[in-house]
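Right, one structure below, let's go through it.
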Amino acid sequence: MDASELRARADSVRDSDPAEAARLYAEASDLGSAGASSSLGYMHMVGEGVPRDPEKASLYLRRGADGGDLKAMCNLGNLIIEENPVEALGLFEKAAEHGSVSGMRNAATVLRTGAGVPADPERAVMWLSKAAETDVASMAVLAHILRTGEGVPADKPRAAELYRRAAEAGDADSMYDLAMMLDAGDGIPMDRAEAERWFRSSAELGDNDARLCLGGILYERSEFAEAESVFTDAALDGDVKGMYNLALMYAEGVLGERDMGKAEEWLESASEAGFAYAQTMLGTIYLDRNDVDGAVYLLRKAADQNEPTAMYNLGALALSGRVRMDDHEAVGFLIRAAEQGVEEARELLVRLSGQGML
């Protein structure tokens, strides 16, 4: 078999017998197939059908890159980027110049971050603009850069246009970002109705940020049953804000009778996941049932994350004598809470000062 036949045979057996594919690629590579060299180099790069071997990966990828294989150029660039970012960028840009979208994206990433080379945001945008002609991921990245003005002048209308193209292509994150711009009128005309449609589309694809926004919109319209459903989807997907919002709904009784059992279940889940607001709320519930130790444990966890209400509660509990704590620590909690806008903490500090206790 000649090189092209060997490579075709390797391609056909790669999924079922990667070791045999590697053997065939090696033969084809020796006969001058740049594509076979590229494939074999990648297999050594990741350990597919052969032992992972960066040296062999480099050898074959370089052979493929020298033969003009664009994937080889990109993979070799990724392989050597830490030790030789300048050469890696050169490989990415060479691939990009020959139409490789991966090359365009990789070059843009290096130029955007300045990882081992001088940062060049304008060149990064140039490559992303080319990639974004066909590549959805590049549309989203370029939109973010233009929306935020990251290293280049902001262009929010163009950012929205790119988000819209990516959203229409099915990208959930772009649907959410476009919805946020529409909802706030961020550089484009405000359109709350269209924003809601994109939040809903993104939520249906599993984006939890979109679910939270959609749930909030539904809650504000008193469409509580649907809001509960949306928040539940987020909560079951592990989103702590979804859990917390459900707890608030059950505690408020907006779905009928208050259900503190369900509220506490979701608060416990969110607290265990480290969500400070849930820890504070659950700690307050524990205080109401006189479980001071349990309350202090949760409030301290929340205070460690600078949650202001937790800090105020800890300081107030200590100064009231319900919790044993050094006065200096207690006042410190109150000061930190007051600095974050807790009016009750500020008022308590004023009273303590007036009593000569500070």
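Atom set for the values below is all heavy atoms of this structure, side chains included, hydrogens, waters and symmetry mates excluded.
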Indicate the atoms forming the closest heavy-atom contact of [X] with [Y], along with that distance.
X      : Y      : answer
Gly35  : Asp69  : CA-OD2, 3.6 Å
Leu212 : Gly242 : CD2-N, 3.6 Å
Leu246 : Glu228 : CD2-O, 3.7 Å
Val136 : Ala166 : CG1-CB, 3.9 Å
Arg52  : Met45  : NE-O, 3.2 Å
Leu205 : Gly170 : CD1-O, 3.7 Å

Can [X] and [Y] be counted as an ion pair, charged N to O under 4.0 angstrom?
X      : Y      : value
Glu27  : Arg9   : no
Glu196 : Arg192 : no
Arg158 : Asp155 : no
Glu344 : Arg351 : no

Does the side chain of [Y] come within less than 4.5 Å of [X]'s, by heavy atoms?
X      : Y      : value
Gln279 : Leu299 : no
Trp198 : Asp177 : no
Arg63  : Ser29  : yes
Thr309 : Thr284 : no
Met104 : Met126 : no
Phe333 : Arg300 : yes
Arg165 : Leu162 : yes
Asp2   : Leu6   : no

Atom pair [atom1] ([X]) and [atom2] ([Y]), whose distance is rounded to the nearest 0.5 Å:
X      : Y      : atom1 : atom2 : answer
Asp171 : Asp207 : CG    : CG    : 9.5 Å
Glu226 : Leu218 : CD    : CG    : 4.5 Å
Arg164 : Ser174 : CZ    : OG    : 11.5 Å
Asn84  : Glu87  : CG    : CD    : 4.5 Å
Leu61  : Leu40  : CG    : CG    : 8.5 Å
Asp173 : Tyr163 : CG    : OH    : 9.0 Å

Q: Applying side-chain contact (heavy atoms from CB on, under 4.5 Å), run through Met139 and His144 and close with a yes or a no.
A: CA-CA 9 Å; Met139 293 175 201; His144 171 79; over 6 Å; no
Q. Is the closest side-chain donor-acceptor distance between Asp11 and Tyr25 under 3.5 Å?
A.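 Judged by distance alone, the side chains do pair up.
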Q) Going by the salt bridge (Lys or Arg N to Asp or Glu O under 4.0 Å) test, which pairs reach into residues 301-325, not counting sequence neighbours? A) none
Q | Sequence neighbours excluded, every pair satisfying salt bridge (Lys or Arg N to Asp or Glu O under 4.0 Å) that has a member inside residues 237-252 | A | Arg211-Asp237
Q.
Please check this pair: side chain of Ser202 against backbone of Ala172, looking for a donor-acceptor N/O pair closer than 3.5 Å.
A.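 The answer is yes, because a donor-acceptor pair under 3.5 Å joins these two groups.
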Q: Verify, without hydrogens or angle tests, whether Ser16 (side chain) and Val13 (backbone) share a donor-acceptor contact under 3.5 angstrom.
A: yes
Q: Hey, could you give me each pair passing side-chain hydrogen bond (donor to acceptor under 3.5 Å, both in side chains) that has a residue in residues 253-276? Not counting sequence neighbours.
A: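 Every pair satisfying side-chain hydrogen bond (donor to acceptor under 3.5 Å, both in side chains) with a residue in residues 253-276: Glu264-Arg289.
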Q. Taking it one step at a time, do Glu339 and Arg346 satisfy salt bridge (Lys or Arg N to Asp or Glu O under 4.0 Å)?
A. CA-CA 8 Å; Glu339 289 174 344; Arg346 189 192 67 79; over 6 Å; no
Using the rule that Ile, Leu, Val, Met, Phe, Trp and Tyr join whenever any side-chain heavy atoms are under 4.5 Å apart, tell me whether [X] and [Y] fall into a single cluster.
X      : Y      : answer
Ile335 : Val323 : no
Ile188 : Met175 : yes
Met311 : Val331 : no
Val110 : Ile80  : no
Leu352 : Val342 : yes

Q. Does Glu343 CD have over 12 foreign heavy atoms under 6.0 Å away?
A.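 Yes, enclosed.
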Q: Flag yes if more than 12 heavy atoms outside Glu122 fall under 6.0 Å of its CD atom; otherwise flag no.
A: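 Not more than 12 within 6.0 Å, no.
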Q) Looking at Glu93, Arg105, Arg112, which hits side chain to side chain contact (heavy atoms under 4.5 Å, CB included) with Trp127? A) Glu93
Q | Intermediate values then yes/no, salt bridge (Lys or Arg N to Asp or Glu O under 4.0 Å), Glu48 and Arg14 | A | CA-CA 9 Å; Glu48 178 191 345; Arg14 184 168 175 176; 2.9 Å; yes
Q: Test side-chain contact (heavy atoms from CB on, under 4.5 Å) on Cys213 and Tyr176 and set out the steps.
A: CA-CA 9 Å; Cys213 290; Tyr176 169 77; 3.8 Å; yes
Q) In terms of ring plane angle, is the pair Tyr244 and Phe275 parallel, tilted or perpendicular, where the classes change at 30° and 60°? A)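 Aromatic pair Tyr244/Phe275 classed perpendicular.
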Q. Given Ser100 and Cys74, is the side-chain contact (heavy atoms from CB on, under 4.5 Å) satisfied, shown in steps?
A. CA-CA 9 Å; Ser100 168; Cys74 292; 3.7 Å; yes
Q.
Show, in sequence, the C-alpha distance, side-chain angles and deciding distance for Tyr219 and Met249, and conclude whether the side-chain contact (heavy atoms from CB on, under 4.5 Å) test is met.
A. CA-CA 9 Å; Tyr219 181 92; Met249 291 184 74; 4.1 Å; yes
